[in-house]
Amino acid sequence: MEYDFRKIELIWQAAWKKNETYKIANNSLKPKFYVLDMFPYPSGIGLHVGHPLGYIASDIYSRYKRLKGFNVLHPMGFDSFGLPAEQYALETGQHPATTTEKNITTFKSQLDKIGFCYDWDRELKTSDPLYYKWTQWIFLQLFNSYFCNTQKKALPISLLIKKYETKGAMPITGEIIPGKHFTASEWNEFTKQRQEEILMNRRLAFSKYGEVNWCAVLGTVLANDEVVNGVSERGGHLVEKKKMRQWYLRITDYADRLLEGLQTVDFSDSMKEMQRNWIGKSEGAQINFEIKDIPQKISIYTTRPDTIFGADFMVLAPEHELISSITITEKQEEVAKYIHYVKSRSERERIAEVKQITGCFTGAYAINSFTEKKIPIWIAEYVLAGYGTGAIMAVPCADQRDFLFAKHFNIPITNIIGSYYTGENANNSKEAILENSDFLNGLLMKDAIGIAINKMEALGIGEKKVNYRMRDAGFSRQRYWGEPFPIIWSDGIALPLDAKELPLQLPHVNTYGPGPDGEGPLANIKEWSSLIIPLQERTEKELSPNYSIMEKDNEVPGYINSSVHQWKNTISFAKQNRKDTTAEEDIIWQELRDKKIAGCKLRRQHPIAGYIPDFVCLEKKIIIEIDREYNNNEEQKLFDKGREEWLKEAGFNMIRFTNYQVNNALDIVIKDIEQAILNNDKVALNAGSNNPIFTRGTGVEVKRETSTMPGYAGSSWYFLRFMDPNNTQIFCDRKISNYWNQVDLYVGGTEHAVGHLLYSRMWTKVLFDLDLIGFDEPFKKLLNQGMIQGSSRFVYRKKNTNKFYSYDTILDELLFDKIHVDVNIVNGVELNIEAFKKWRPEYENAEFILSNDIYVCGTEVEKMSKSKYNTVNPDELCEKYGADTFRMYEMFLGPVETSKPWDTKGIEGVHRFLRKLWRLFYDDFKGPIWTTTTPAPLERSGGEAATDAELKVLHRTIKKIEEDTERFSFNTAISTFMICVNELTDLKCHKKEILQPLLILLSPYAPHISEELFQQLNFDQISFSEGDLQGGSIFDASYPTFNSSLLAETTKEYPVSINGKLRTNILLALDLEQQQVEEIILQNEIIQKWLEGNPPKKIIFVKNKMINVVI
RNA sequence: ACUCGGGUGGUGGAACUGGUAGACACGCAGGACUUAAAAUCCUGUUCGCAGUAAUGCGAGUGACGGUUCAAUUCCGUUCCCGAGUACCA
């Protein structure tokens, strides 16, 4: 019997699914282990060979841990909100929900072919309302919390309000600053707007005016990475900064804790470093300078307060707010000109011309409080408005940029560091002894820093200050395909929705273009965003319980509205309706007819009072309506509304869907229906009826927030939802999150180093502070996967001809067109000429100039991408070699963390290994050849016990595989398997005693073949050929235990070196001591040859290692 | 420019706290089986020199230098490649 991997893999994948082998319980006596892959975005292009690398690594580790006796959580889901789907929708008109769903299906089928052990019952999609309900809920927690600076943690904002009401906001020491401090009674006198404004300054999720990249031509706001060199990535249109109301997360408050937390997690040094750089903490001083003749003060930030006496000028950022008030009259024109110049400079120019020195003097002078010295105040673009205070004191002798600036504008330079300053360059050393520095004279600079700050604090002119480079995280996007904010704006006040009003669903739209004034597409849907309800506009008639659409309405199929006495008529209409259905109703009915949701049945066209709903759940009193075209008719809308009100009084809630939704987002429709029935907490799910307005809005200007949340919203907490994915009461049950706790192993690429990882770390800390979870770091250990690059192939066509020259015949590449060729039609570097001719019609008649009868292609390592024709599809490899081979080859390629180019060629070697393994069990002619000493009833017998040599091979393998898997060194583990199989083949070992433990070791790496052989070894033919796992899966076997005594040796082949250079090997007993060894060594012929009769200077002997003779 | 990684055969890579450099695999060369091919198996394969050969000698982990009985591993200088950050005061 041959190794038929196609058949084997299909059987076992189906069997594992059927037997729920990967289903994981939330409670177990076993210790827990949580392995997680970074949330993938389901792109439309599908997987290439680079994507599964990390998934395979985490899969191996999960299976290994399971065998080691852990309860292993290893889920998978999709970060399914995001721009590409929306972009695609803009281009093709297909709804993002539809394309996303399609992509996920493809993605999943690709993953399944590789045989991962995901518990698919826990699958998540961030765009699923049942999921983003909780994203919105957590947002509300952030909105309703503030960071307490004394306790250094998040607290409910209600505590802050209480404090303001009773104590106000007063300084602990020092003066009251108007606008910042207030008393309790002042607070209570403030208008609602003012109070909300103050609270907004403390909320962890807050809204303020911020700058966005606005592209007038595209009429939309662009993300930073959509702006390249100051123009839009698409189309190259001009992008300018525009102030708009935006949402932010106050991540800066968590900067210190994010830094401290890094010490408790096991991330790579480079990863921690990146995060530290991003946070960019610096300690220094904020110093206030008086301005000559002007009452205001300039506040500057510096990390080197010790150099204050070397401050020869001040520099303000061109955006600094004091500029207009300090500039003297004579300089005003010049300053205005300079500011205009700076504004006109595009981002591109500013970056490109970093070295160019520009600036402008304001004519104003600051005063050094220690010396009363006048210091000129300049403006220059090298000072950034966003960092520190947007103003610096320039110390040219100690800072290179200040130095260049001073030289350029001929500003005299004061030397405070003696010989450390050469006049050629600035010197930023902290080791110099200060001169010309008043009370700091004679001090070492690094000692002077603290002394200077103390003095400034004592004099009240400055204070110690910590600065961060990190900014608060922008949290709104003017886009459609994201979570809507559960926020209503009413007269400038942001009102949160109530938790029970969640999820606030994304309304379905037909166009995805931007809204007015840079708002997102949602702003176009007035019936969703605008919440001014014409309550008073409704007529008496509509509100009356007896309201009905009269006889004429009978013409409208599907809708009958009558008073009670028309009941009989109604029933016969209902019967008729059941026959005359619409296509959309049929679609829904197919989905729901036999499904019992929460034990409830759904009926179709079942009369309720005088009304015949499309579908109704009588038990839960929920009506489902599918709206058709005529429901958009204004008159019809009024009728519908009245009907809805009336039914509500009868206790029926109505949810509505459009035909469009049914046709394009059926899964969401079904899910909504299920949830409405499951919850039955009177939460109306449909956007139109989800309306908090009656209690909260003032009715003047009430509208929903039309921005949506960014991609990282859903991915910041998904690892928690995986623990308890179906909970309808809370985002994750506390008992369950206590059990699973942190992610023990998190696998993913470095591209998420600062974005996703920082955000999810912050969210975790907030949830921890609010006592919603019991740990404050999400990921205990991070394993970075390297990128798999593409190895591109090129053909060379002589310019203006159709002649292709083999790469090694080419002398001057410039005479040729270098063309990417599909790597799948190249074998190594040899082009498959026939396939190439068929590849593109224009190459059909191509001529080839060969070398040694073959066409050699050029090669280059590039990013793997469709456009470079260097992608390799995992499906094809699984088809050709099997998933086990594919998995092992990806791992065999090298360490998981390093990037490397893909080369399919080596895959044969791994495949050969699996076939060789198979041959330990099966002979092509003889069939099964394994033997056992203790045969099961149906097993072949007559085997002998394993020999010492065989046991040694096995146990050496156990030891090494365990060590290597434990340290994620999968490539060396695979080598070890190869060595083991090679050795067992040499030993002609076919003993179950040896082979079965080997299969268990191998099963995390090659699950299909291992399961197949394991079942064959233990159970009868009939059961395993059907994929029957009655006898238990190999994944529930227990891991072989390593027995060190089997490896104990009594002798060793010692390498003997002369002066460190290996000369010979000598077999010695391990218990020999130095002296005995020396005696033996000196007898050795080769050693004697090298000694040439002289005695050795020294003999170094390291037991069980080596011997070195020094001569 | 700064910070962090990394440079080992024709290729991917191995060598764990300094102790036999090149495991394992690809590729290549030769051979066996076969009418032939595929598949499979066997042998060789860091480079140079000498030898029919077993083998011996020399060089060798980007380059140069140092520490050490011994360095791919530790230290210093330098070159190259990759990643991240970028006027951050």
Side-chain angles (χ1 to χ4, degrees), chain A residues 2 268-278 280-282 284 300-304 307 315 317 350-351 353-357 380-384 386-395 398-402 404-405 428 467-470 750-751 753-754 784 786-787 789 791 828 861 888-889 892-895 897-910 912-913 915-916 919 924 960 963-964 967 969 971-979 982 985 1053-1065 1086 1096-1102 1104-1111:
Chain A
E2 259 194 62
S268 68
D269 288 342
S270 62
M271 199 57 108
K272 289 184 179 180
E273 191 65 24
M274 277 194 221
Q275 294 207 2
R276 278 194 205 103
N277 285 343
W278 187 260
K281 182 177 180 171
S282 73
I300 63 102
Y301 176 72
T302 178
T303 52
R304 296 295 300 276
T307 62
V315 189
R350 281 184 79 153
I351 291 166
E353 299 167 17
V354 163
K355 293 282 168 278
Q356 189 182 324
I357 297 161
E381 58 180 332
Y382 82 91
V383 173
L384 306 176
Y387 186 76
T389 58
I392 63 162
M393 62 176 197
V395 184
D399 182 289
Q400 186 65 12
R401 282 158 310 159
D402 298 345
L404 292 171
F405 192 86
N428 67 355
N467 234 308
Y468 300 94
R469 195 173 69 186
M470 182 170 65
T750 44
E751 64 272 22
V754 286
N784 289 124
M787 281 228 304
Q789 294 139 324
S791 183
V861 172
M888 292 193 86
Y889 183 57
F892 186 62
L893 229 42
E897 299 96 325
T898 49
S899 295
K900 56 234 148 202
W902 177 265
D903 180 9
T904 302
K905 264 197 155 172
I907 200 169
E908 300 273 356
V910 172
R912 244 170 250 157
F913 155 75
R915 302 177 85 104
K916 198 164 177 181
R919 284 199 306 274
D924 282 358
K960 182 93 167 95
E963 284 168 0
D964 285 355
R967 65 189 173 106
S969 177
N971 55 330
T972 52
I974 290 169
S975 303
T976 305
F977 282 123
M978 290 171 168
I979 294 167
N982 288 346
T985 304
E1053 180 100 355
Y1054 277 96
V1056 184
S1057 310
I1058 308 286
N1059 286 348
K1061 202 157 273 264
L1062 180 75
R1063 293 301 171 188
T1064 187
N1065 287 299
I1086 297 167
K1097 276 190 190 149
K1098 205 194 220 180
I1099 294 177
I1100 289 151
F1101 170 68
V1102 183
N1104 207 10
K1105 277 268 155 74
M1106 44 63 68
I1107 297 157
N1108 190 15
V1109 182
V1110 186
I1111 57 174

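Per chain, numbering begins at 1; letters A, B, ... match sequence-line order. Since we're looking at a predicted model, the values are computed, not measured.
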Undergrad: Angle between ring planes, A/Trp902 versus A/Tyr889, binned at 30° and 60°: parallel, tilted or perpendicular?
TA: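 Perpendicular: the ring planes of A/Trp902 and A/Tyr889 meet at over 60°.
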
Undergrad: B/A25, B/U20, B/A14: which one has an atom nearest the side-chain heavy atoms of A/Asn1065?
TA: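 Nearest listed nucleotide: B/U20.
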
Undergrad: Distance check needed: B/A70 P versus A/Phe1101 CZ, whole Å only.
TA: 19 Å

Undergrad: Quick one: sort the A/Tyr301 and A/Tyr387 rings into parallel, tilted or perpendicular, breaks at 30° and 60°.
TA: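 Ring orientation of A/Tyr301 relative to A/Tyr387: perpendicular.
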
Undergrad: Expressed as a whole number of Å, how far does the C1' atom of B/C69 sit from that of B/G18?
TA: 12 Å

Undergrad: B/G84 P sits how many Å from A/Arg469 CZ, rounded?
TA: 14 Å

Undergrad: Ignoring backbone atoms, establish whether A/Asn982 has a side-chain N or O less than 4.0 Å from OP1 or OP2 of B/A25.
TA: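 Yes.
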
Undergrad: Could you check whether A/Pro895 gets within reach of a base, just the sugar-phosphate, or nothing at all, counting any heavy atom under 4.0 Å?
TA: sugar-phosphate

Undergrad: If you check every side-chain atom of A/Leu1062, which of B/U20, B/A15, B/U3 has the closest atom?
TA: B/U20

Undergrad: Looking at the side chain of A/Arg1063, which of B/C41, B/C87, B/C57 is the nearest nucleotide?
TA: B/C57

Undergrad: What integer distance in Å separates A/Asn1059:CG from B/A71:P?
TA: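 Atom-to-atom, A/Asn1059 to B/A71, this comes out as 10 Å.
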
Undergrad: Does the side chain of A/Arg276 get closer than 4.0 angstrom to OP1 or OP2 of B/U85 through an N or O atom?
TA: no

Undergrad: Suppose we define a pair by two distances each less than 3.5 Å, Watson-Crick or G-U wobble; what does B/U40 pair with here?
TA: B/A32

Undergrad: Would you call A/Lys272 and A/Arg276 a side-chain contact if the rule is heavy atoms closer than 4.5 Å?
TA: yes

Undergrad: Quick one: on RNA chain B, does A/Ala391 or A/Arg967 contact a more 5' nucleotide (nearest heavy atom)?
TA: A/Arg967

Undergrad: The side chain of A/Thr303 is closest to which nucleotide in this list: B/A89, B/C4, B/U85?
TA: B/A89

Undergrad: Could you check A/Lys1061 against A/Ile979 and say which one's nearest nucleotide on RNA chain B is further toward the 5' end?
TA: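 Here A/Ile979 is the residue nearer the 5' end.
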
Undergrad: Strictly by Watson-Crick or wobble contacts shorter than 3.5 Å, is anything paired with B/G27, and which nucleotide is it?
TA: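 Pair assignment: B/G27 / B/U45.
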
Undergrad: With P as the reference atom in both, quote the distance from B/C64 to B/G13 in angstrom, rounded to an integer.
TA: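 Comparing P positions in B/C64 and B/G13 gives a spacing of 25 Å.
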
Undergrad: Taking pairing as Watson-Crick or G-U wobble with both contacts under 3.5 Å, can you name the mate of B/G5, or confirm there isn't one?
TA: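 Partner of B/G5: B/C81.
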
Undergrad: Tell me the partner of B/C88, counting only Watson-Crick (N1-N3 plus N6-O4 or O6-N4) or G-U wobble (N1-O2 and O6-N3) with both under 3.5 Å; none if nothing fits.
TA: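 When the pairing criteria are applied, nothing turns out to pair with B/C88, so the answer is none.
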
Undergrad: Mind checking the P distance from B/A15 to B/A21? Whole angstroms is fine.
TA: 16 Å

Undergrad: Would you check if the side chain of A/Asn467 reaches a backbone N or O of A/Ser282 as a donor-acceptor pair within less than 3.5 Å?
TA: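 No.
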
Undergrad: Find the distance between CE (A/Met393) and CG (A/Asp399) and round it off to the nearest 0.5 Å.
TA: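 CG of A/Asp399 is found 10.0 Å from CE of A/Met393.
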
Undergrad: Give me the distance, rounded to whole Å, that separates B/U61 from B/A14 when you measure between the C1' atoms they each carry.
TA: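 It works out to 12 Å between them.
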
Undergrad: Can you tell me which nucleotide in B/G13, B/G19, B/G84 comes closest to the side chain of A/Val1102?
TA: B/G19

Undergrad: Atom CD1 of A/Ile1099 to atom C1' of B/A70: distance rounded to whole Å?
TA: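 Rounded to the whole Å, the gap is 15 Å.
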
Undergrad: With heavy atoms under 4.0 Å as the rule, sort A/Ser975 into base, sugar-phosphate or nothing.
TA: base

Undergrad: Using purine N1 to pyrimidine N3 plus N6-O4 or O6-N4 for Watson-Crick, or N1-O2 and O6-N3 for G-U wobble, both under 3.5 Å, which nucleotide pairs with B/U55?
TA: B/A50

Undergrad: Could you check whether A/Asn467 gets within reach of a base, just the sugar-phosphate, or nothing at all, counting any heavy atom under 4.0 Å?
TA: nothing

Undergrad: Between B/G48 and B/U34, how far apart are the C1' atoms? Round to whole Å, please.
TA: 40 Å

Undergrad: Taking the side chain of A/Met1106 as its heavy atoms from C-beta onward, which of B/A21, B/A89, B/G19 lies nearest to it?
TA: B/G19

Undergrad: By nearest atom, which of the nucleotides B/G12, B/C26, B/U85 is closest to the A/Trp278 side chain?
TA: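 Ranking B/G12, B/C26, B/U85 by closest atom to the A/Trp278 side chain puts B/U85 first.
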
Undergrad: Identify whether the glycosidic angle of B/G65 places it syn (within 90° of 0) or anti.
TA: anti

Undergrad: How far does the P atom of B/G60 sit from the matching atom of B/U40, given to the nearest Å?
TA: 40 Å

Undergrad: Pair A/Arg469, A/Asn277 - check side chain to side chain contact (heavy atoms under 4.5 Å, CB included), show working.
TA: CA-CA 8 Å; A/Arg469 195 173 69 186; A/Asn277 285 343; 4.0 Å; yes

Undergrad: State plainly whether the residues A/Lys960 and A/Glu963 are in salt-bridge range, i.e. N to O under 4.0 Å.
TA: no

Undergrad: Remember a base hit wins even if backbone is also touched, and classify A/Asn971 as base, sugar-phosphate or nothing at under 4.0 Å, heavy atoms.
TA: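 Answer is sugar-phosphate: A/Asn971 comes under 4.0 Å of backbone atoms only.
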
Undergrad: Between B/C88 atom P and A/Asp399 atom CG, what is the distance in whole Å?
TA: 8 Å

Undergrad: With a 4.0 Å cutoff (strictly under), does any side-chain N or O of A/Tyr387 reach OP1 or OP2 of B/A89?
TA: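 For B/A89, OP1 or OP2 has a side-chain N or O of A/Tyr387 closer than 4.0 Å.
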
Undergrad: B/U20 C1' sits how many Å from A/Ile1107 CD1, rounded?
TA: 12 Å

Undergrad: Using Watson-Crick or G-U wobble geometry with both distances below 3.5 Å, tell me the partner of B/G65, or none.
TA: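 In the structure as shown, B/G65 has B/C75 as its Watson-Crick or wobble partner.
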
Undergrad: Among the candidates B/A70, B/U40, B/C87, find the nucleotide nearest to the side-chain atoms of A/Asn1108.
TA: B/A70

Undergrad: Between C1' on B/G13 and CH2 on A/Trp902, what's the gap in Å once rounded to a whole number?
TA: 15 Å

Undergrad: So what does A/Ile1100 touch, heavy atoms closer than 4.0 Å: a base, only the sugar-phosphate, or nothing?
TA: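 Contact class for A/Ile1100: base.
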
Undergrad: Send over the distance from A/Tyr889 OH to B/C26 P, rounded to a whole Å.
TA: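 So the OH-P distance, A/Tyr889 to B/C26, works out to 10 Å.
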
Undergrad: Suppose you measure atom C1' in B/G5 against the same atom in B/C26; what distance do you get, rounded to whole Å?
TA: 27 Å

Undergrad: What's the closest nucleotide to the side chain of A/Val1110 if the choices are B/G12, B/A89, B/C69?
TA: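 Minimum distance to the A/Val1110 side chain belongs to B/C69.
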
Undergrad: Have a look at A/Asn1108 and tell me which of A/Ile1100, A/Ile1058, A/Leu1062, A/Val1056 forms a side chain to side chain contact (heavy atoms under 4.5 Å, CB included) with it.
TA: A/Ile1100

Undergrad: Using the P atom as the point on both nucleotides, what is the distance between B/A32 and B/A38, in whole Å?
TA: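 One P to the other, the span is 15 Å.
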
Undergrad: Have A/Thr750 and A/Asn784 got a donor and an acceptor in their side chains that come within less than 3.5 Å?
TA: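 There is no such pair between these side chains.
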
Undergrad: Which nucleotide, in any strand shown, forms a Watson-Crick or G-U wobble pair with B/A15, with both distances under 3.5 Å?
TA: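 Its partner is none (no Watson-Crick or G-U wobble pair with both distances under 3.5 Å).
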
Undergrad: With respect to the side chain of A/Arg912, which nucleotide from B/U20, B/C41, B/C24 is positioned closest?
TA: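 Minimum distance to the A/Arg912 side chain belongs to B/C41.
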
